[in-house]
Amino acid sequence: MRGTDETSGSLFSYVDLEERIPARHPLRKIRQVVNEALASLDAEFEALYTDFGRPSIPPERLIRASLIQILFSIRSERQLMEQMLYNLLFRWFVGLGIDDPVWVPTVFTKNRDRLLTTEMSRKVMAAILAHREVAPLLSDDHFSVDGTLVKAWASMKSFQPKAGDTPPDDDPGNPPGPDAPAKDHPDQTRTETDTMTRPNHQNRNAEVDFRGEKRSNATHTSTTDPDARLYKKSPGTGAVLCFIDHALMENRNGLIVQGDLTQADGHAERRAALDMIHRHSPGSTRQLTLGADKGFDAAEFVADLRQACVTPHVAQKSRYSAIDGRTTRHDGYTKSQRNRKRIEEAFGWAKTVGGMAQTVYRGLERVRSRFILTMAANNLARLPRLLAA
């Protein structure tokens, strides 16, 4: 018998979100780890909020929503709120009931800006790594470090001369000086019967020819994101407005244990590597190892590692290398060089899935906190398979 294609509204609904999620869905293990990690941060959350006023978005739900946005490559928070209206999986993971209202996107963004600072993102990552099931997966002695570029949310057309380098009269967008003739100033006295005139704005996406123009970070800055820097990481490539992401990986299972983001320059990777290894193992007296590529083969950096009881397993340059046979003769050096390349998998995941190929955030602090949370999400995405092994 053929069924009828008729729709009838139901007065009551008895949908249990827990029964809608498959028992073997990988998000079940991820949600368990995240919930227990956030429970350990309850005192940290309590210190951030007052005892009076209008209740904010619960910090646990806000962090879970940010993680689900990264894990499922949702490009904006407005789209995240839209999908949470009808996606039962997202509601279940975040902790919203079937009838709970979804937050206004601007309210969610303002709450996220106040909560997810760099410090809080690092605490979330540390709480996940300290979980009773995750901690045994980590190596305490062998690490790798590397960096990658992330494009800033700013175009090359926004890279304009700094205010002190260009006379005000050369810029048609600047207001006239105090000595400008009176005819340059429009008449400010209007009556109610005067018609409104539309200002003659310049085309916001006009063609610009940069040929022959010398531009550098010393003389120019981006009007869209002043923290971005013009930089290229390898010869033969074009310079772009960007930041540098840094990650410290343990070598046992390739999980990221520290993340950082700095302005782009030639020494940023080595400075960040020292900061991350000291932050992860402060005052350690164990002999750690740190694998890295040829960009870290600098005498000063190698000396700083040795002083910190860290064996520099750095790839050797063809000339003037700071690494000699005392290090390269050991089997551990070969293993570190082989394992250090796994850090590129985390960077690739962050760019293709986590949305870090070009960030949609502006400002060093916002981009840094987002990158650290993306590295935490990368660890979470790998946990179901690692814990099942």
Does one hydrophobic cluster hold both [X] and [Y], with members joined at side-chain heavy-atom distances below 4.5 Å?
| X | Y | result |
| --- | --- | --- |
| Val145 | Val257 | yes |
| Leu116 | Leu71 | yes |
| Phe347 | Tyr231 | no |
| Ile244 | Met356 | no |
| Leu364 | Met375 | yes |

When rounded to the nearest 0.5 angstrom, what distance separates [atom1] in [X] from [atom2] in [Y]?
| X | Y | atom1 | atom2 | value |
| --- | --- | --- | --- | --- |
| Tyr49 | Arg114 | OH | CZ | 8.0 Å |
| Glu133 | Ile128 | CD | CD1 | 13.0 Å |
| Arg368 | Ser121 | CZ | OG | 10.5 Å |
| Leu27 | Ile21 | CG | CD1 | 8.0 Å |
| Ile68 | Arg31 | CD1 | CZ | 10.0 Å |
| Ile74 | Leu80 | CD1 | CG | 5.0 Å |

Evaluate side-chain contact (heavy atoms from CB on, under 4.5 Å) for His280 paired with Leu248, printing each intermediate quantity in order.
CA-CA 9 Å; His280 184 70; Leu248 181 69; 4.0 Å; yes
Could you check whether [X] pairs with [Y] (Lys NZ or Arg NE/NH1/NH2 to Asp/Glu carboxylate O, under 4.0 Å)?
| X | Y | value |
| --- | --- | --- |
| Lys351 | Glu344 | no |
| Arg279 | Asp260 | yes |
| Arg366 | Asp227 | no |
| Glu119 | Arg122 | no |

Under 6.0 Å from the [atom1] atom of [X], do we count more than 12 heavy atoms belonging to anything else shown?
| X | atom1 | result |
| --- | --- | --- |
| Arg20 | CZ | no |
| Lys341 | NZ | no |
| Gln307 | CD | no |
| Tyr86 | OH | yes |
| Asp16 | CG | yes |
| His267 | NE2 | no |

Please examine the side chains of [Y] and [X], heavy atoms only from C-beta on, and report whether any two atoms are closer than 4.5 Å.
| X | Y | result |
| --- | --- | --- |
| Ser158 | Leu241 | yes |
| Leu386 | Leu255 | yes |
| Arg271 | Asp265 | yes |
| Ser66 | Arg370 | yes |
| Leu149 | Lys232 | no |
| Glu300 | Arg270 | no |
| Val34 | Arg64 | yes |
| Val353 | Thr374 | no |

How close do [X] and [Y] get, counting heavy atoms only, and between which atoms?
| X | Y | result |
| --- | --- | --- |
| Asn217 | Lys162 | O-NZ, 3.3 Å |
| Leu137 | Glu250 | O-OE1, 3.9 Å |
| Thr224 | Ala154 | CB-CB, 3.8 Å |
| His313 | Thr327 | CD2-CG2, 3.7 Å |
| Leu38 | Glu60 | CD1-O, 3.7 Å |
| Trp349 | Ala381 | CZ2-CB, 4.0 Å |

Would Ile63 and Leu115 count as a side-chain contact (heavy atoms from CB on, under 4.5 Å) here? Give the steps.
CA-CA 9 Å; Ile63 293 175; Leu115 175 66; 4.0 Å; yes
[X] and [Y]: side-chain donor and acceptor closer than 3.5 Å?
| X | Y | answer |
| --- | --- | --- |
| Thr289 | Lys335 | no |
| Glu18 | Trp92 | yes |
| His246 | Thr262 | yes |
| Glu365 | Thr117 | no |
| Arg342 | Asn251 | no |

May I ask you to decide if [Y]'s main-chain N or O and [X]'s side chain share a donor-acceptor pair within less than 3.5 Å?
| X | Y | value |
| --- | --- | --- |
| Arg382 | Asn253 | yes |
| Arg28 | Pro22 | yes |
| Lys233 | Gly147 | yes |
| Thr359 | Ala152 | no |
| Arg252 | Pro136 | yes |
| Asp225 | Arg362 | no |
| Gln69 | Ser73 | no |
| Gln258 | Ile277 | no |
| Arg326 | Ile323 | no |
| Asp297 | Lys317 | yes |

For side-chain contact (heavy atoms from CB on, under 4.5 Å), just list the numbers for Tyr333 and Gln316, CA-CA rounded to whole Å, side-chain angles, deciding distance to a tenth of an Å, and then say yes or no.
CA-CA 11 Å; Tyr333 177 83; Gln316 286 182 297; 3.9 Å; yes
Apply side-chain contact (heavy atoms from CB on, under 4.5 Å) to His330 and Thr311, showing your working.
CA-CA 11 Å; His330 297 288; Thr311 303; over 6 Å; no
Check whether the ring centres of Phe371 and Phe243 lie less than 6.0 Å apart, and answer yes or no.
no
Exercise answer: donor-acceptor pairs, residues 93-109 side-chain atoms, under 3.5 Å, sequence neighbours excluded:
residue, atom, partner, partner atom, Å
Asp100, OD2, Gly97, N, 2.6
Thr109, OG1, Glu77, OE1, 2.6
Thr109, OG1, Pro105, O, 3.0

